Trainee: 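Please see the structure below; I have some questions.
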Amino acid sequence: MKKNLVIVESPAKAKTIEKFLGDGFVVKSCFGHIRDLNKKGISIDIENGFKPIYEVSDDKKKVVQELKSLAKKAETIWLASDEDREGEAISWHLSEVLELEESKTKRIVFHEITKSAILKAIENPRNINKDLVDAQQARRILDRLVGYELSPVLWKKVKPQLSAGRVQSVAVRLLVEREREIQAFQPSSSFKIVGVFKHPNGTFRAELDKKNEAEKEVYGLLNSFKSCQFEIDDLTVKPSQKKPSAPFTTSTLQQEASRKLGFSVTRTMLLAQKLYEAGHITYMRTDSVNLSDFALQSAEEVINANYGKEYHQKRKYNTKSNSAQEAHEAIRPTNFNKKNVPADSSESRLYELIWKRAIASQMSNALLEKTTIAINNSQDKPLFKAKGEVVTFDGFLKIYLQGSDEEQEETFDDLLPKVSVGDGVMNEKITATQRFTRHPARFTEASLVKKLEELGIGRPSTYAPTITTIQKRGYVEKEIKEGKTRNYTQIILQAQEIKAQNLTEITGAEKNKLSPTDIGKVVTDFLNENFKTIMDYGFTASVEKNFDEIAQGYKKWSKMIDEFYDPFHQSVDTTLNHSARATGERFLGEDPQSSKPIIARISRFGPVIQIGKTEDNEKPKFANLRKGQTIDTINLEEALELFKLPRIIGNFEENEMKVSIGRFGPYVLHDSKFYSLNKELDPYTVNAEEAIEVIKEKRKRDAEKIIKKFDEEPTLLIQNGRWGPYISFGKRNYKIPKETDPKTLDYESCMTLIEEQNKIPKKRKKK
DNA sequence: CAGTGAGCGAGCTTCCGCTTGACTT
């Protein structure tokens, strides 16, 4: 019988720690919070000092049962959850639910999973810090009050199933405001003037130190350069340094994985979880940039051995964000000697990124030399300037270059020729290119996480789920935006001649960027109008201050909640009783046929165009907005287009063909089967002949899909699908073992496979 | 891959932070 029971949050952590502690200790995990506010209803007794009503949820009952029986038999129970607000609460809930005796219970904490850290923790146990627990309860109760009182307001005033909360509503607000900045943005253009200069030691490019707005001005300038003499006016050489970035936290890992590997935040976290469970990396949900002494030392050894002593520089990083709770280390490899780990390709690419970033964080600065050459001219016009950058010692750049969200400015030559002040240079060519200012960038998942972290909103464990939630609620979409072509002018002076040419470029193409939907905008406006406090970017920071005071014992949690709840609940009441429905209604014009008003608005089922009023005798006509159309931007003409579908375009095999646009794009409906129209075919103009072609092609493809048919059973088919060959029988599909050639299967062997797989119970589907 | 779209009323939805499952068509 083990005398000691240690409880930690994560099973992977339990496994590691058990090895360190040896005999006499059993280490178990509680899988995070074991108890929470009841899911149904608000579950807070508001009249009685906001007493929370907790319950052990169904999926935690088994764990709790097991821990309870182990705790009964143990002499000492060590509560080793994380040392932060949530971790303290987990320990407290454990002690309550498991009914632990105080004399048998010890609370311990450690920030790194090393043997010495754990043994030290065991030597220094303490009691549960009730103030910290109260701070967590205040956090929990506040979030429940906000979420469960605001959401129903939206159900009533906007659309059912919507949600609002301290974190998600502000995240959507960020996107809405950015989108409006983009919409209001007016690009302006100017000419960037670059000259190519020849010096006995080499040819290089230099940019004119002034942007010119008007084309006329550019011609004047180029003309005056025709007869110009150029010489080196000034030369500066400045040494500079680049520092490596801190090792990864959850948020910076998500950002770099998005920039460098193109992973969504969810994908990054899934892969990191696998690496963590395999023991390759430390915990992946952290806000700390701290490295343990063990890590510092082994990074040093690896750097010295692989790159040499001059590449090592020991560094300790400090966390900037003041909302950080630092219960863990930074994300790093558990073993720096492993530059690669055996895993699938995405996992190993993520691991390599983590390895490089952590190692680079302990490497020396890169040393650079920045050179600027200024060229004057005999016409007293602005100077041309050439900028060059040479790496004199690569340092950490040997292995890691940090990504950036901003688009890179066009870079100039790395290496400039050796020149001296007073040297004459020959001008070979001057190119003036029209450039346009760019609207602020839309957020990516990762750059939104970065912004939220800066505002102190959300936690490492919630960044990815929050992004998922706002998309699931339909507030935000990840859209592929096709670029538009734009004309621009280039004016070139070469061999005493000025030539202009008109060129085109593609601009504004975007993918994986987040943009708010109409619902997102309407909900944000509605909440901004009625719940200013909650929507304030500083709201979380200000309540965090209160939580800190509670944690330090200066303030009672119920008092804080009381102060918050009174005015909040008041505005909920006022809004419910006095506020009109929020529909985002916009008048587009009159219908040329019926002269009825046409409006765009949110209906119960999303954004629509409505012709006529609901109070009219004749029922109004409705049409849903398409993908890419928004209430803000749609015009009358586009709105009228929407009413031209569905179209009946003729008959085929005695059945009617109906063309329309559905969830998956344009389609032809024929004999109650759907045929998608390809991109070349426009649903508004497609004719019967073209549609018949589409139908025939689809039939041909479907026929090719079938590998084998059986006379014994017409619904039994071997087909070729997206994931390879499979058996379909009745309404269900069945796998074919990898080693089997599908062509060789006969009727009996198919039925055996089906029977085998029918034995495995079908799991309930998630809704 | 429809059609719904008002308002009533039944009963449903919803928050944020800790954790990892068990599903594969």
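Residue numbering restarts at 1 for every chain, and letters A, B, ... go by the order of the sequence lines. Treat the numbers as computed from the prediction; the structure is a model and nothing was measured.
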Trainee: For A/T462 and B/dG17, is the shortest distance between a side-chain N/O and OP1 or OP2 below 4.0 Å?
Mentor: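 Answer yes for this pair, as a side-chain N or O of A/T462 is under 4.0 Å from OP1 or OP2.
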Trainee: Over how many whole Å does the gap from A/W155 atom CH2 to B/dT14 atom P extend?
Mentor: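 Atom CH2 in A/W155 sits about 7 Å away from atom P in B/dT14.
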Trainee: Angle between ring planes, A/H93 versus A/H33, binned at 30° and 60°: parallel, tilted or perpendicular?
Mentor: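 Aromatic pair A/H93/A/H33 classed perpendicular.
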Trainee: Using a cut-off of strictly less than 4.0 Å, decide whether A/S163 has a side-chain nitrogen or oxygen near OP1 or OP2 of B/dC15.
Mentor: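 Yes, because at least one side-chain N or O of A/S163 sits under 4.0 Å from OP1 or OP2 of B/dC15.
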Trainee: Can you tell me how far C1' of B/dC16 sits from CZ of A/R140, to the nearest Å?
Mentor: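 Atom-to-atom, A/R140 to B/dC16, this comes out as 6 Å.
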Trainee: Looking only at the side chains, is there a donor atom on one of A/E454 and A/Y537 sitting less than 3.5 Å from an acceptor on the other?
Mentor: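 Side-chain D/A pair, A/E454 to A/Y537: absent.
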Trainee: Choose from B/dG5, B/dC18, B/dC15 the nucleotide whose nearest atom is closest to any side-chain atom of A/R601.
Mentor: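 Of the candidates, B/dG5 comes closest.
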Trainee: Regarding A/S251 and A/E453, do their side chains bring together a donor and an acceptor under 3.5 Å, going by distance alone?
Mentor: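 A donor-acceptor contact under 3.5 Å links the two side chains.
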Trainee: Please check the phosphate of B/dT20 (OP1 and OP2 only) for any side-chain N or O of A/Q273 closer than 4.0 Å.
Mentor: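 Yes, such a contact exists.
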Trainee: Taking for each residue the nucleotide of DNA chain B bearing the nearest heavy atom, is the 5' side occupied by A/L162 or by A/D82?
Mentor: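 In this pair, the answer is A/L162.
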Trainee: Think A/Y283 has a side-chain N or O under 4.0 angstrom from the OP1 or OP2 of B/dT19?
Mentor: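 Checking A/Y283 against B/dT19: at least one side-chain N or O falls below 4.0 Å of OP1 or OP2.
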Trainee: What is the nucleic acid contact for A/G87, judged by heavy atoms within less than 4.0 Å: base, sugar-phosphate only, or nothing?
Mentor: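 If one applies the 4.0 Å heavy-atom cut-off, A/G87 turns out to touch nothing in the nucleic acid.
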Trainee: Distance alone, cut at 3.5 Å: any donor-acceptor contact between the side chains of A/S95 and A/R107?
Mentor: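 The answer is no; no qualifying pair exists.
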Trainee: Are A/R166 and B/dG17 close enough that a side-chain N or O sits under 4.0 Å from OP1 or OP2?
Mentor: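 Yes, such a contact exists.
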Trainee: Would you indicate what A/G32 reaches in the nucleic acid, counting non-hydrogen atoms under 4.0 angstrom: base, sugar-phosphate, or nothing?
Mentor: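 Counting heavy atoms under 4.0 Å across all strands, the contact made by A/G32 includes a base.
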Trainee: Of all residues at least two apart in sequence or in a different chain, which pass the ring pair (Phe, Tyr, Trp, His ring centres under 6.0 Å) check with A/Y475?
Mentor: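 In terms of ring pair (Phe, Tyr, Trp, His ring centres under 6.0 Å), with neighbours along the sequence ignored, A/Y475 is linked to no residue.
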Trainee: Rounded to whole Å, please give me the gap between CZ in A/R85 and C1' in B/dC16.
Mentor: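 Whole-Å distance recorded here is 11 Å.
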Trainee: Using a cut-off of strictly less than 4.0 Å, decide whether A/R459 has a side-chain nitrogen or oxygen near OP1 or OP2 of B/dC18.
Mentor: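 True: A/R459 side-chain N/O within range (under 4.0 Å) of B/dC18 OP1/OP2.
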Trainee: Nearest-Å distance, CD (A/Q136) to P (B/dC18)?
Mentor: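 The distance from CD of A/Q136 to P of B/dC18 comes to 9 Å, rounded to the nearest Å.
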Trainee: Using a heavy-atom cut-off of 4.0 Å across all strands, would you classify A/P465 as base, sugar-phosphate, or nothing?
Mentor: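 Nothing, no heavy atom under 4.0 Å.
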Trainee: Over all strands shown, is A/T469 touching base, sugar-phosphate only, or nothing at heavy-atom distances under 4.0 angstrom?
Mentor: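 Counting heavy atoms under 4.0 Å across all strands, the contact made by A/T469 is with sugar-phosphate only.
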Trainee: Looking at B/dT19, I'd like to know if its phosphate oxygens (OP1 or OP2) sit under 4.0 Å from a side-chain N or O belonging to A/K60.
Mentor: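 Checking A/K60 against B/dT19: no side-chain N or O falls below 4.0 Å of OP1 or OP2.
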Trainee: Could you please name the option among B/dC16, B/dC18, B/dG5 that lies closest to any side-chain atom of A/H33?
Mentor: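 Between B/dC16, B/dC18, B/dG5, the one nearest the side chain of A/H33 would be B/dC18.
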Trainee: Give a yes/no answer on whether the side chain of A/R285 brings an N or O atom under 4.0 Å of OP1 or OP2 in B/dT20.
Mentor: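 Checking B/dT20 against A/R285, a side-chain N or O does come within under 4.0 Å of OP1 or OP2.
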Trainee: Using a cut-off of strictly less than 4.0 Å, decide whether A/S461 has a side-chain nitrogen or oxygen near OP1 or OP2 of B/dC18.
Mentor: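 Yes, such a contact exists.
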Trainee: For the side chain of A/S151, counting heavy atoms from C-beta on, which of B/dG17, B/dC15, B/dT13 is nearest?
Mentor: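 Taking heavy atoms from C-beta onward, the closest nucleotide is B/dC15.
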Trainee: Among B/dG5, B/dT19, B/dT13, which nucleotide has an atom closest to any side-chain atom of A/P160?
Mentor: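 From the listed options, B/dT13 comes nearest.
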Trainee: Measure the distance from CZ on A/R473 to C1' on B/dC15 and round it to the nearest whole Å.
Mentor: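 The distance from CZ of A/R473 to C1' of B/dC15 comes to 10 Å, rounded to the nearest Å.
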Trainee: What is the distance, rounded to the nearest whole Å, between atom CD1 of A/I42 and atom P of B/dC16?
Mentor: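 Rounded to the whole Å, the gap is 13 Å.
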Trainee: Can you see whether A/S163 engages A/R473 through a side-chain donor-acceptor pair at a distance of less than 3.5 angstrom?
Mentor: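 Side-chain D/A pair, A/S163 to A/R473: present.
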Trainee: From the set B/dT20, B/dT13, B/dC1, return the single nucleotide nearest to any side-chain atom of A/Q161.
Mentor: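 Nearest to the side-chain atoms of A/Q161, counting from C-beta on, is B/dT13.
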Trainee: Do A/R85 and A/E544 sit within salt-bridge range, that is, some charged N less than 4.0 Å from a carboxylate O?
Mentor: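 Between A/E544 and A/R85 there is a salt bridge, with a charged N closer than 4.0 Å to a carboxylate O.
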Trainee: Determine, for A/D591 against A/K596, whether the closest basic-nitrogen to carboxylate-oxygen distance falls under 4.0 angstrom.
Mentor: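 Result for this pair is no, no salt bridge flagged.
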Trainee: Report yes or no: is the ring centroid of A/F31 under 5.5 Å from the six-membered base ring centroid of B/dT19, with the two planes under 30 degrees?
Mentor: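 No, aromatic ring not over the base.
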Trainee: Rounded to the nearest 0.5 Å, what separation is found between the OG atom of A/S81 and the CD1 atom of A/I34?
Mentor: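 Atom-to-atom, A/S81:OG and A/I34:CD1 are 10.5 Å apart.
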Trainee: Any N or O donor-acceptor pair under 3.5 Å from the base of B/dG5 to the side chain of A/N624?
Mentor: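 Indeed there is one.
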Trainee: Should A/Q168 be listed as having a side-chain N or O under 4.0 Å from OP1 or OP2 of B/dC16?
Mentor: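 So the side-chain polar atoms of A/Q168 do come within 4.0 Å of the phosphate oxygens OP1 or OP2 of B/dC16, strictly under.
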Trainee: Which pair of non-hydrogen atoms, one from A/P597 and one from A/F587, has the smallest distance, and what is that distance?
Mentor: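 Shortest heavy-atom contact: CB-CE1, 3.6 Å.
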Trainee: Want to know the stems of DNA chain B: at least 3 consecutive Watson-Crick or G-U pairs with distances under 3.5 Å, which are they?
Mentor: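 The stems: there are none.
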Trainee: Taking for each residue the nucleotide of DNA chain B with the nearest heavy atom, is it A/K159 or A/V167 whose nucleotide lies nearer the 5' end?
Mentor: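 The 5'-side residue here is A/K159.
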Trainee: Please report the distance, rounded to the nearest Å, between NZ in A/K472 and P in B/dC16.
Mentor: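 Going from NZ in A/K472 over to P in B/dC16 covers 12 Å.
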Trainee: At 4.0 Å (heavy atoms only), tell me whether A/A89 reaches a base, stays on the sugar-phosphate, or touches nothing.
Mentor: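 It contacts nothing in the nucleic acid.
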Trainee: Counting side-chain heavy atoms from C-beta on, which of B/dT14, B/dC16, B/dA6 comes nearest to A/R604?
Mentor: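 So the side chain of A/R604 is nearest to B/dA6.
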Trainee: Roughly, in whole Å, what's the span from NZ in A/K621 to P in B/dT4?
Mentor: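 Value for this atom pair: 14 Å.
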